[in-house]
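Computed from a prediction, not measured in an experiment: that's the story for all the values here. We're numbering straight along the sequence, starting at 1.
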Amino acid sequence: MKRKDKKIVITLLSVVAILIIGGMFVPISVSAPSDTRTILDHTTQTYAAPSCFDEAEMTNFLQETTFGHAKSLDYDAESSCSTDFYTQSDVPIFFAMLQLFGLGEQQWSEEDRL
């Protein structure tokens with residue numbers, strides 16, 4: 001290998017190592033997958049997590065759908081309980097990427113999905 005090629009390989013490996021190590025410490029917030037179960041209240045234009053439904057103040061114009069559908073309608077969370085359910089805070093970028101590819105553990109189980 002030529003000296004120039006070695007420098008390029010070492011530089012690339014260094015950059016990859018820095019990105020991986022940095023990704024383990026930089027936190028981000030992760031939203032629930034779009035197919036997560038959600039209850040819509042069309043009267044108030046809000047959504048609630050099923051686990052928060054008993055405490056939620058909702059009308060009778062309800063629909064069970066997905067989180068992605070609720071967001072596409074631009075509905076707001078009914079309470080902080082729902083906001084907390086659909087958001088996972090302070091997840092390192094590296095682990096968020098693993099979750100995105102289905103390799104890491106998520107806060108939302110298969111029972112939470114449609």
Side-chain angles (χ1 to χ4, degrees):
M1 210 183 241
K2 295 181 185 176
R3 184 174 176 94
K4 185 177 180 182
D5 292 339
K6 282 184 180 180
K7 275 188 169 181
I8 291 172
V9 169
I10 290 172
T11 302
L12 288 174
L13 289 175
S14 298
V15 168
V16 168
I18 289 170
L19 289 174
I20 290 173
I21 292 170
M24 290 184 182
F25 297 104
V26 178
I28 61 171
S29 292
V30 178
S31 292
S34 62
D35 63 345
T36 304
R37 290 178 57 221
T38 303
I39 300 167
L40 298 180
D41 184 344
H42 293 290
T43 302
T44 60
Q45 296 185 342
T46 58
Y47 63 87
S51 60
C52 303
F53 183 74
D54 290 338
E55 293 88 33
E57 295 181 17
M58 302 185 95
T59 66
N60 287 334
F61 191 17
L62 303 176
Q63 175 187 6
E64 183 175 15
T65 187
T66 63
F67 180 61
H69 185 232
K71 295 309 281 181
S72 72
L73 294 173
D74 204 28
Y75 282 12
D76 295 319
E78 191 277 331
S79 66
S80 61
C81 175
S82 294
T83 302
D84 293 343
F85 178 81
Y86 291 110
T87 306
Q88 187 176 6
S89 299
D90 298 331
V91 177
I93 292 174
F94 181 74
F95 295 112
M97 294 293 289
L98 289 176
Q99 288 177 3
L100 181 66
F101 296 119
L103 302 173
E105 243 183 82
Q106 292 185 343
Q107 145 180 331
W108 307 280
S109 67
E110 288 299 317
E111 293 175 358
D112 294 328
R113 297 197 181 158
L114 283 178

ask   = For the hydrophobic clusters of this structure (ILVMFWY residues joined by side-chain heavy atoms under 4.5 Å, transitively), does one cluster hold both F95 and F25?
value = yes
task = Measure the spacing between OG of S89 and CG of D84 and express it to the nearest 0.5 Å.
result = 7.5 Å
Where Y86 and A48 come nearest, the two heavy atoms and their spacing = OH-O, 3.6 Å
request  = Could you tell me whether the side chain of F85 reaches within less than 4.5 Å of the side chain of T36, counting heavy atoms only?
outcome  = yes
query = Looking only at heavy atoms, what is the nearest atom pair of V91 and Q88, with distance?
reply = CG2-CG, 3.6 Å
ask   = Side chain of S31, backbone of S29: donor and acceptor closer than 3.5 Å?
value = no
ask   = Hey, what do you get for NZ (K71) to CG (D76), rounding to the nearest 0.5 Å?
value = 7.0 Å
request  = Could you state whether V9 and L19 fall into the same hydrophobic cluster, counting links through intermediate Ile, Leu, Val, Met, Phe, Trp or Tyr residues with side-chain heavy atoms under 4.5 angstrom apart?
outcome  = no
Heavy-atom pair with the smallest gap, counting every atom of T44 and T46 = OG1-OG1, 2.8 Å
note = Taken in chain and number order and not counting sequence neighbours, the residues that satisfy side chain to side chain donor-acceptor pair (under 3.5 Å) with H42 are Q63, Y75
request  = Give, for atom OG1 of T83 and atom CD of E78, the distance between the pair rounded to the nearest 0.5 Å.
outcome  = 9.0 Å
inquiry  = Using every non-hydrogen atom in the two residues, find where A70 and L40 come nearest and quote the distance to one decimal.
reply    = CB-CD2, 3.4 Å
ask   = Between L62 and F67, is there a shared hydrophobic cluster once you connect ILVMFWY residues whose side-chain heavy atoms come closer than 4.5 Å?
value = no
task = Examine the side chains of T59 and D41 and answer whether a donor and an acceptor come within less than 3.5 Å of each other.
result = yes
remark   = Rounding to 0.5 Å, atoms CG (L13) and CD1 (I18) come to a distance of 11.0 Å
task = Looking only at non-hydrogen atoms, find the nearest pair between A77 and S82 and report the distance.
result = CB-CB, 4.2 Å
query = Per the side chain to side chain contact (heavy atoms under 4.5 Å, CB included) rule, which among V16, I10, I8 passes with L12?
reply = I8
key: Any donor-acceptor pair under 3.5 Å from E64 side chain to R37 backbone   = no
